[in-house]
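Here is the structure we will look at.
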Amino acid sequence: MNEIEKDYIEFKDENGEIKKAEVVLYFGLKGKNIMIYTFNETDSNGMIVLYSSVVEKDENEELKFSTISDEDWADVKKVMNKIVKEWSE
């Protein structure tokens, strides 16, 4: 079986340390770029913890990550649920 190629991105945390995250999904939604990613942590139920951000470029063309609004989060959840449903069929 062929191994799936994974994409990674690096974040600088609040202590200035670089953390590597796996990009799970990247898509456009209402004119915004949305990224779903994980540090491959698990929660108390053994489920992988996912994070999400709006991705933009700043004036220096560097990537900037911001919080998804509650309104957009509802739409992001719909997209994620649709993908999970399609993959499970």
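Numbers here are sequence positions counted from 1.
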CD on Glu56 to NZ on Lys32, rounded to 0.5 Å:
8.0 Å

Side chain to side chain contact (heavy atoms under 4.5 Å, CB included) evaluation trace for Asn33 with Val54:
CA-CA 6 Å; Asn33 296 312; Val54 174; 6.0 Å; no

Side-chain contact, heavy-atom cut-off 4.5 Å: Glu22 with Asp7?
no

If you measure from CE on Met47 to CG on Leu50, what distance do you get to the nearest 0.5 Å?
8.5 Å

Would you confirm whether Asp58, through its side chain, and Asn60, through its main-chain N or O, come within 3.5 Å as a donor-acceptor pair?
yes

How long is the span from the CD atom in Glu10 to the NZ atom in Lys19, to the nearest 0.5 Å?
12.5 Å

Quick one: side-chain hydrogen bond (donor to acceptor under 3.5 Å, both in side chains) partners of Lys20, sequence neighbours excluded?
none

Heavy-atom nearest pair, Ser52 first then Ile36, reads CB-CD1, 3.5 Å

Those residues at least two apart in sequence (or on a different chain) that pass side-chain hydrogen bond (donor to acceptor under 3.5 Å, both in side chains) with Lys77 are none

In terms of side-chain geometry, is the basic nitrogen of Glu59 or Lys64 positioned less than 4.0 Å from the acidic oxygen of its partner?
no

Checking side chain to side chain contact (heavy atoms under 4.5 Å, CB included) for the pair Lys30/Glu71: CA distance, chi angles, key distance, verdict?
CA-CA 11 Å; Lys30 296 197 270 184; Glu71 178 185 332; 3.2 Å; yes

Would you call Ile83 and Leu25 a side-chain contact if the rule is heavy atoms closer than 4.5 Å?
yes

Does atom CG (Asp43) have a neighbourhood of more than 12 heavy atoms from anything else shown, all under 6.0 Å?
yes

To which residues is Tyr51 joined in a hydrophobic cluster, defined by side-chain heavy-atom contacts under 4.5 Å among Ile, Leu, Val, Met, Phe, Trp and Tyr, whether direct or through other members?
Ile9, Phe11, Val23, Tyr26, Met35, Tyr37, Phe39, Val49, Val55, Leu63, Phe65

Minimum-distance pair of heavy atoms, taken over all atoms of Leu29 and Asp72:
CD2-O, 4.1 Å

